[in-house]
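Proteins come first, then strands; the chains are lettered A, B, ... in the order of their sequence lines, and each starts at number 1.
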There are 2 protein chains.
Amino acid sequence: MNEILNLSIGCENCPIQHRAVCARCDAGELEQLEAIKYYRSFEAGQTVIWSGDRMEFVGSVVSGIASLTQTMEDGRTQMVGLLLPSDFVGRPGRESASYDVVATTDLVMCCFRRKPFEKMISETPHVAQRLLEMTLDELDAAREWMLVLGRKTAREKIASLLSIIGRRDASLKLEGISGKMVFDLPLTREAMADYLGLTLETVSRQMSALKRDGVIELEGKRHVTVPSFQRLLDEAGDDSDGGLMA
Amino acid sequence: MNEILNLSIGCENCPIQHRAVCARCDAGELEQLEAIKYYRSFEAGQTVIWSGDRMEFVGSVVSGIASLTQTMEDGRTQMVGLLLPSDFVGRPGRESASYDVVATTDLVMCCFRRKPFEKMISETPHVAQRLLEMTLDELDAAREWMLVLGRKTAREKIASLLSIIGRRDASLKLEGISGKMVFDLPLTREAMADYLGLTLETVSRQMSALKRDGVIELEGKRHVTVPSFQRLLDEAGDDSDGGLMA
DNA sequence: ATACCGACTTGATCTGGGTCAAAGGCGCAC
DNA sequence: GTGCGCCTTTGACCCAGATCAAGTCGGTAT
């Protein structure tokens, strides 16, 4: 776990530090990044990129939450990725986007024009390697989620999602695995349903059930307190430590 | 689509050519690969790597089929990846495996010792870039599968699986999208169920239903004929061309 | 040939989660 | 304040797919 932020690729003026990559970047490389960098803001609900669109940029999330979603013709949608601050968006080497990228909350992104970014990668092995590591992490996360989607019950799915969101929240780090966890849900019930392969009614019912059973406490609709993180992991059917250990 | 095999990382003596990577490798690089290469054979059902095991090698599938699976304590299992010949196994930079790798059929792999392979990557940018491309493809496939697991009906799931397996079979290329497709299923009903997040009974029932409705023809349990690939894609609820176009 | 075993099919029944419908809350504009 | 919209909850009912339980089929060892 340790420092999530070091996954990001950014540059010195970003709110996000770019330790892992740019600590190793020399002045010339940083200057290159700076030259092709720009910020974009989106309102909640706006689509950042449509599936099939030509990708003009890559970048990382500065603040807010974005999600990758796939939609079938009849309207069924599945969220296939959740992008929190410091997460990277885009595919160096891909001409067009494979899924819709949607701003789930108000969103700020730090973007780099794709072509020059790709050029820089090809000339900068340590950036390419960093990207590979990040992509492998995303792949592991995606496959972890396949287990959730394919085999877990609705209650387990909710618990899994809460543990993932909570885990990324700073407040947990202070408390440790057995401790209390407090955070605000950044997703509507519908967005949770789209991520979990459920309906929003089922999400709502299971949230109520978890509350009734004392696994979580709710204040308003979004403010969540988890008295015992371990208990939540048990509910998620998760045999691991939830990624809290190194 | 075009040439699947060019995804592989191998070396000249492998049954699999290694066009994309090694066409660009010089003699010294090929010699390095050769020095750390070895073959391993597994029988159907054998576990190649246990989740959590220390990874001693990376490599690619030469023949047969392997699958990546995750298992919960209570025995529920979800297949999270299907590895066909030419697919790459392993995570440069990872000390331990994230999932079980199981030989679904008799299996031959071409392996490289991990440490020297990683060293070679760090010194050989074009190999690292090739690995990044391959990993991005895997990520797309995993996310595509999340839609299948989260939102498709049993019938659509089966049709999706058949179209993926058939698509990798050489016989299709000759016939094109509207044509006939013939192949042998390399998976038991149970393995199909584990991949699709279903039970084996449901898989069997839906296979019968697709047969009854003329979407597929079955000869024995495993030999499948698809009269119209387009029809199969329609059944899969798939709006794309199934990856047949470039 | 017999009988055994693993892979598969089919039937009967059950149930978790979907669907449809009707109310709460709560924030915001007027 | 009052009213309007959106998010959320809750209830009643239904159905796709799970579960439980017999069989069938094909290969192979005795």
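Side chain to side chain, A:Ser67 and A:Thr104 meet the donor-acceptor criterion of an N or O pair below 3.5 Å. Of the N and O atoms on the side chains of B:Asp100 and B:Thr47, not one donor lies less than 3.5 Å from an acceptor on the other residue. Side-chain contact annotation: B:Ser160 with B:Lys152, donor-acceptor N/O pair under 3.5 Å present.
Think of the region where chain A sits on DNA chain C: with heavy atoms and a 4.0 Å cut, that region ends 5' and 3' at C:dG17 to C:dC20.
Around the CD atom of B:Glu43, the shell of radius 6.0 Å holds no more than 12 heavy atoms that belong to other residues, nucleotides or ligands. Within 6.0 Å of atom CD in B:Gln46, more than 12 heavy atoms from other residues, nucleotides or ligands are found, so the atom counts as buried in its surroundings.
Distance, A:Met207 CE to D:dC7 P: 16 Å, rounded to whole Å. If you take CG of A:Leu185 and C1' of D:dT8, they are 13 Å apart, rounded to a whole angstrom. The distance from atom CZ of A:Arg189 to atom C1' of D:dT8 is 7 Å, rounded to the nearest whole Å. Note: CZ (B:Arg151) to C1' (D:dA16) measures 15 Å, nearest angstrom. A:Leu218 has its CG atom 11 Å from the P atom of D:dT8, to the nearest Å.
Within residues 191-204 of chain A, the residues having any heavy atom closer than 4.0 Å to DNA chain D are, in order of number, A:Leu200, A:Glu201, A:Ser204.
At the heavy-atom level, A:Arg222 lies under 4.0 Å from the strands shown only through sugar-phosphate atoms.
In plain terms, the two heavy atoms of A:Gln78 and B:Gly150 that are nearest each other are OE1-CA, 3.4 Å.
Atom OH in B:Tyr195 sits 5.0 Å away from atom CG in B:Leu82 (nearest 0.5 Å). Atom CE of B:Met79 and atom CZ of A:Arg151 lie 9.5 Å apart (nearest 0.5 Å).
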